[in-house]
Structures are given as structure tokens and as C-alpha cells.
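Here, residue 1 is the first one in the sequence, and each next residue gets the next number.
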Amino acid sequence: MNQETFVAVNRKWIVVLVVAFVFVYFFMRNLDREPKRHYCDFRVYHHTSLKFLAREDIYFRDTLEVTPFKYSPFFAFCFSPLGLLPIKVADCLFFALNFILTFILFRMASDVTGSRRDRLLYGLGVLFLFQFIILDWDIGQVAILMCVLVLASLVSLSKGKNALAGAFLAAAILIKYTPAIFLPYFIVRRQFKAAAWTVVFVAIWLSIPALAVGVQKEITYISTWIPSIMETSLDKRSYMDVKNQSLISMAIRFFSECGLSINIAYLTFQQGKILGYALAAFLYSLTLIPSFGKPRDQRIDYALLFSFLPLFNPNGWELNFVALAVPCMLLIGYLIEVKGKDLFVAGCVVTGFMATFLINRDIVGNRTQFFAELFSNVTIGTLLLVVALLKLKFVGKR
């Protein structure tokens, strides 16, 4: 074995040992914390799995200790095997799944954005998103799974596998509905087959739970699902929550009176909400239109759409910003490529990191975190990444 091979083997073993250490540390942390915190969001999934297996109404809140289930019947069907296990065992399995999916997320994000694979890129990407990743692990959320499914759809599309792309995107939409923003983009890009297969698979995935609960019960679930989302996710209280870092909530806090708000324009709550959605529509339109006088770079468009997944989500809780893996990988990879000489993009990325980092109470404390949330620091940090991406799209690289 020559010296280069020896060094390469040693590096691989070091990486394996570091990953194993991180897994063991956070796994033990999860075992200690989650029972004390009543398993956070994962408790909703496990409780719903029990109700699904018993063919009960999964959208009826039968106990105030568990928040309402907001996901599709397909989601409940896929997670129902967890109901066969004690919640502590099920939570450990889901943590392990989320841990593995995190590595898949960064690997696929580098594939989709065409970024080179090196330790510096992955290290900086993980650093930028560390607090969002840990939040997803801590509360047992499915945001990482959703992002991986969307990335799997884009990878399948790049290989001409339209049906598979549609199947993955449909599954992502039935976990959290915001990936539906990729459908109009597919249509504009004339990827009609992928868009059509997505619609087909939404119908297929929604029909599958009937195999377990029966057709009539599945029809009841579907008819209850959308009204349940309207009642529990699109209510005024959710929009006004300072932890909601969506673009719509930022517009409401900045420009209207809604309790804890900045209110610089004295709009009504409804006017502030309309303004937020108008800003979202404007940013989305910039993604759909082609670059001026240049070939469309779909990698930049994909990065923009991933930025919009949390920004346009009416419930833009911090955990959803793990979707920034794609824009971070593209922008950091670009800065490594140009050796940081694009000062505008570098400034946006560094300032965006500083803005999102302020949200971590372990670093800044509860009081500073509250004001960071009130002033929508995560939203502003994400918008800085969007500005950097728009610069690359319409102005070009350095």
C-alpha cells in the first residue's frame, strides 16, 4: 500500500469514526430528552398511527395533550407501522432514519446543484444549517424526508424517468403541500409528463390507504384533511406567531397590527397578509421567467424553489428551513469555485448565515432570540440567499 492510498484509507476511517461519534452522541441525547419533552412532534405521528390502525378519525383531536394531525391520509398510512411499536422504540427508529436522511440530503443536494464533493463544501453546508438539522432531529420532524423526496424527483427527472419523478414529488406533496410549487415550474419548462405523472401519483398515493381502512373511511379522511389544514394551519394565530418565519408572517409583523408586531405601515392584518402573498408571487415569478439573454440554469431555479419551500409556507417554522441545504450547497460551492472573489454573493451568504444564526437561544439567549424571531432574522437571512441566487440568474457569475 503506497502512501497516498494509506492516507486516503485513514481519512475514510476518520470520517466513519466522526460520523459514528456524532450519531451515538445525538442518539443518547435523544433518549434522554425526548421522554421528558413528551416526544414533541413525533408524538403526533405515533398517536395518529395508533388511531389509523384502529380505523379511528385521525383528524379528530381526542386529547389536548397531542396537537392536531395536519398531514394526508397517505402520510398516516406510511407511518402506521410505527404504531405497532412502543413510542420510545419508534422514536429511536425515526431518529436513526432522520440521521441517515441528513447525509442523503447533502449528497443529493450536491448532485442536483452540480457542486463538487469535498469536505469544505459539506462542512460549511452543515455549519450553515446545523441548528435547523438539530431541531428536526430533536422534535422528530419530517422536513428532511420531504426535501429528500423532492431531490429524488429532480434526480429522476434529470435521467428522463418522468414517472418516477412524479411519484417522488407526489409523495413529498402529500407530506407537506409546499413542494407543489415545483409543478408550475415543470409546466413552464415543458416537463409536461413529469407534471402529469405527479398528479396521477397524488391520486394513486391517496387511494392506497383504502387497502388498510376501506374505501369509505379513506373518503372520509380525504374530505376531512383539507378543512383540517385550513383550521389548524391557516388561522390568524399561526400567522402571528413570532416563531413563524415565513415571508407572509414577516410582512404581517412588519406592516400590520397583530399583537407582537413592528407595524411600520399600519395596515390591517388582512392587508399585511395580502402583501406577504404578493411578495411571494413576485419572487416566484422571477423563478419561472428565463434569464435575460442567457440559457436557463435550472440548478439556480431549483435552489430558488427550495428557498421558497419554507418562505412561502404559511407555517414557516424554523425546522422547515433545512430546505436551505440546496441553495447553500450551490452558493457555497460557487464561492469555493471562484475563491470568494464574488464579493456580492459572499456578502449575502455570510450575512445570511449571521442572521439565521441569531435564532439559536443556546448562543444568544432567550431574550435575544425572541427579538430575532420578532424581526424575522431567519426570513431575512433566507431572502439574502435568494438575492444572491437572483444575481447569479440575471446578472451572471463573477
Side-chain angles (χ1 to χ4, degrees), residues 70-79 104-105 108-109 111-114 142-212 215 218-219 221-230 233 277 280-281 283-291 295-314 320 323 326-327 393:
K70 304 178 182 182
Y71 304 91
S72 70
F74 172 72
F75 180 100
F77 170 79
C78 291
F79 275 72
I104 296 174
L105 171 67
M108 295 184 73
D111 288 341
V112 167
T113 59
V142 292
I144 297 173
L145 171 61
M146 178 202 71
C147 292
V148 168
L149 287 172
V150 177
L151 286 168
S153 174
L154 299 180
V155 170
S156 300
L157 186 63
S158 68
K159 297 178 180 179
K161 300 177 180 179
N162 294 298
L164 193 59
F168 281 127
L169 184 58
I173 291 171
L174 293 178
I175 291 178
K176 291 179 180 285
Y177 52 84
T178 46
I181 64 174
F182 281 83
L183 275 176
Y185 181 78
F186 284 175
I187 294 172
V188 168
R189 288 287 318 281
R190 298 183 181 275
Q191 300 284 356
F192 300 121
K193 291 182 179 179
W197 275 115
T198 302
V199 175
V200 169
F201 271 101
V202 165
I204 292 173
W205 296 151
L206 281 177
S207 64
I208 284 181
L211 299 175
V215 175
E218 175 63 5
I219 292 173
Y221 283 163
I222 294 173
S223 63
T224 311
W225 171 36
I226 301 301
S228 175
I229 291 177
M230 299 289 290
S233 299
Y277 277 106
L283 290 176
Y284 188 62
S285 67
L286 294 178
T287 305
L288 296 182
I289 63 177
S291 307
R296 183 191 288 273
D297 190 337
Q298 65 182 20
R299 299 174 304 164
I300 297 175
D301 289 343
Y302 289 158
L304 283 167
L305 290 170
F306 268 90
S307 302
F308 298 156
L309 287 177
L311 279 181
F312 295 176
N313 189 337
N320 292 308
V326 176
K393 179 182 173 93

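In this structure, the side chain of Ser153 does not engage the main chain of Leu149 through any donor-acceptor pair within 3.5 Å. Side-chain atoms of Ser228 never come within 3.5 Å of backbone atoms of Thr224 as a donor-acceptor pair (strictly under, hydrogens ignored). In terms of modelled atom types and a separation under 3.5 Å, the side chain of Trp205 and the main chain of Ala167 share a donor-acceptor contact.
Between Tyr221 and Trp225, the ring centre distance reaches or exceeds 6.0 Å. The ring of Phe182 has its center closer than 6.0 angstrom to the ring center of Phe306.
Using a 4.0 Å cut-off between a side-chain N of Lys or Arg and a carboxylate O of Asp or Glu, Asp301 and Arg189 do not qualify as a salt bridge.
Of all heavy-atom pairs between Pro209 and Leu206, the closest is CD-O, 3.4 Å.
Environment of NZ in Lys70: crowded, with over 12 heavy atoms of neighbouring residues, nucleotides or ligands closer than 6.0 Å.
Ring geometry for Phe75 versus Tyr71: interplanar angle under 30°, hence parallel rather than tilted (30 to 60°).
Residues Thr178 and Met146 meet the side-chain proximity criterion, which asks for heavy atoms closer than 4.5 Å. Residues Leu305 and Tyr284 meet the side-chain proximity criterion, which asks for heavy atoms closer than 4.5 Å.
Note that OG of Ser291 is 10.5 Å distant from CG of Leu286, once rounded to the nearest 0.5 Å. One distance of note links CG of Leu288 with CG of Leu283; it measures 11.5 Å at 0.5 Å rounding.
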